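Reviewing the structure listed below.
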There are 2 protein chains.
Amino acid sequence: MGESERGNATREHILTTASAMFGEAGYRGASLRDIAARCGLTHPGLLYHFPTKAGLLEAVLQRRDEADIRDAGPGATGLEALNNLVEVARHNSKTRGLVELFATLSAEATAPDHPAHAYFVARYERVVGEFSQHFVELQAEGNLREGVDPQAAGRQWVALMDGLQIQWLLDESVDMAGVLDAHLKSLLA
Amino acid sequence: MGESERGNATREHILTTASAMFGEAGYRGASLRDIAARCGLTHPGLLYHFPTKAGLLEAVLQRRDEADIRDAGPGATGLEALNNLVEVARHNSKTRGLVELFATLSAEATAPDHPAHAYFVARYERVVGEFSQHFVELQAEGNLREGVDPQAAGRQWVALMDGLQIQWLLDESVDMAGVLDAHLKSLLA
DNA sequence: GTCTATAGAGTGATAGAC
DNA sequence: GTCTATCACTCTATAGAC
């Protein structure tokens, strides 16, 4: 429609590169010069497309959210949804950059003045809610073990994914999907 | 004995302050000038005691390890040891600085060239081993549920603690000890 | 769109006075 | 032990040429 039909190739290249480098070095650790150089640009060239560094980070996170929505099997619920999440973990261990991005930034953004702080507060609230919902559905299916609280199980699941990502980034022989799968099985009826 | 009897007051003050600020802002985010100012020093004054920033970080982590060893109830095993860990989580929510230090640095140190990278690789190997050992003991006591792998349970426990710390730092109403306790109960025979 | 050049601030570290 | 002054470098961002 009215949007620019072409010319976003550079923009896309910058977003992809910035995503990788924010993951590797964190937001503070990755400089605009480094990111621009890996795109074959100078840093003022990059700033033409994204006028501020914080704006670039925002765009990176926003694009990831859009990709997440595309990737999430739209209809899955309960056990099927949770099994899908184990598969997501298995798939993540093939894209180190993405794991780095969220593991590094969610810790860095713990500081209240970080440009992505509000984003991560909102993201965790949303994700914990979604995962808890899957356990509610699991319970309705009759597949949740007696005495397990769906809300706590949802929060546990998010924590487990985050913690395993750190362990995997420090030592890639850690089997994220295997540990998650074992955890899921221990919660089934 | 042969060690300097007094004069370490400044050194201790620097270590305490640096520990807090590395937690709040990360290693990269906390500058020597900031740390020194909060100690009532200039940054060359600080560098007299710790000649490099990486050396200061090393000293901060080393002092924490010594404190950890003091705090760990030396003899606890199995269920008693795991219950102690739930209490440690409850206590941690009263010392935000310490939680920040490890949550922030363990993500930052995921980068192979980070000055604390080797420290965290070794630390996780050690801690996962210790926690797994507690689950082996739990099994020997006959308190571990049928079909739960002690090694996986140890790794899960570490991941859960790390992930919960991030959630708690983003929203202090998250009940770290409560979620851990629920997890432990779900693993008992 | 992308560049060179530069402003203005911050960084870790050193030299040398006191 | 702690300071002032400074070095050499990096950072984000802007101005203005092409």
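Values in this document were obtained by computation on a predicted structure and should not be read as measured data. Naming: A, B, ... by sequence-line order, numbering from 1 per chain.
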Passes side-chain contact (heavy atoms from CB on, under 4.5 Å), A:L187 versus A:L138? Steps please.
CA-CA 10 Å; A:L187 293 176; A:L138 195 67; 5.5 Å; no

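Closest to the side chain of B:H49, out of C:dT11, D:dG1, C:dG1, is D:dG1. Distances from the side chain of B:L47 to the nucleotides D:dC11, C:dT11, C:dA13 place C:dA13 closest.
When the side-chain nitrogen and oxygen atoms of B:Y48 are compared with OP1 and OP2 of D:dT2, none of them lie within a distance under 4.0 Å.
For DNA chain C, the neighbouring residues in residues 51-59 of chain B, judged by any heavy atom under 4.0 Å, are B:T52, B:K53.
In terms of heavy atoms, A:A116 sits closest to A:L57 at CB-CD2, 3.9 Å. Closest approach of B:P150 and B:Q139 over heavy atoms only: CG-OE1, 3.5 Å.
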For nucleotides 3-7 of chain C, which of its nitrogen or oxygen atoms have a protein nitrogen or oxygen under 3.5 Å away, and what is each distance?
unit_1	atom_1	unit_2	atom_2	d
C:dC3	OP2	A:T42	N	2.9
C:dC3	OP2	A:T42	OG1	2.8

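The CD1 atom of B:I14 sits 7 Å away from the P atom of D:dT2 (whole-angstrom rounding). In this structure, A:I35 places its CD1 atom 12 Å from C1' of D:dC11, rounding to the nearest Å. As a whole-Å value, the separation of A:R28 CZ from D:dT10 C1' is 16 Å.
Applying the salt bridge (Lys or Arg N to Asp or Glu O under 4.0 Å) criterion to A:R63, with sequence neighbours excluded, gives A:E12.
Surrounding CD of B:E58 are at most 12 heavy atoms belonging to other residues, nucleotides or ligands under 6.0 Å away.
If you check every strand for non-hydrogen atoms under 4.0 Å, B:L32 touches sugar and phosphate atoms only.
Residues B:H49 and B:H13 place their aromatic rings such that the two centres sit no closer than 6.0 Å.
In this structure the side chain of B:F131 never reaches within 4.5 angstrom of the side chain of B:Q156, judged on heavy atoms.
Under the 3.5 Å distance criterion, with hydrogens and angles disregarded, a donor-acceptor pair is assigned to the side chains of B:N143 and B:E141.
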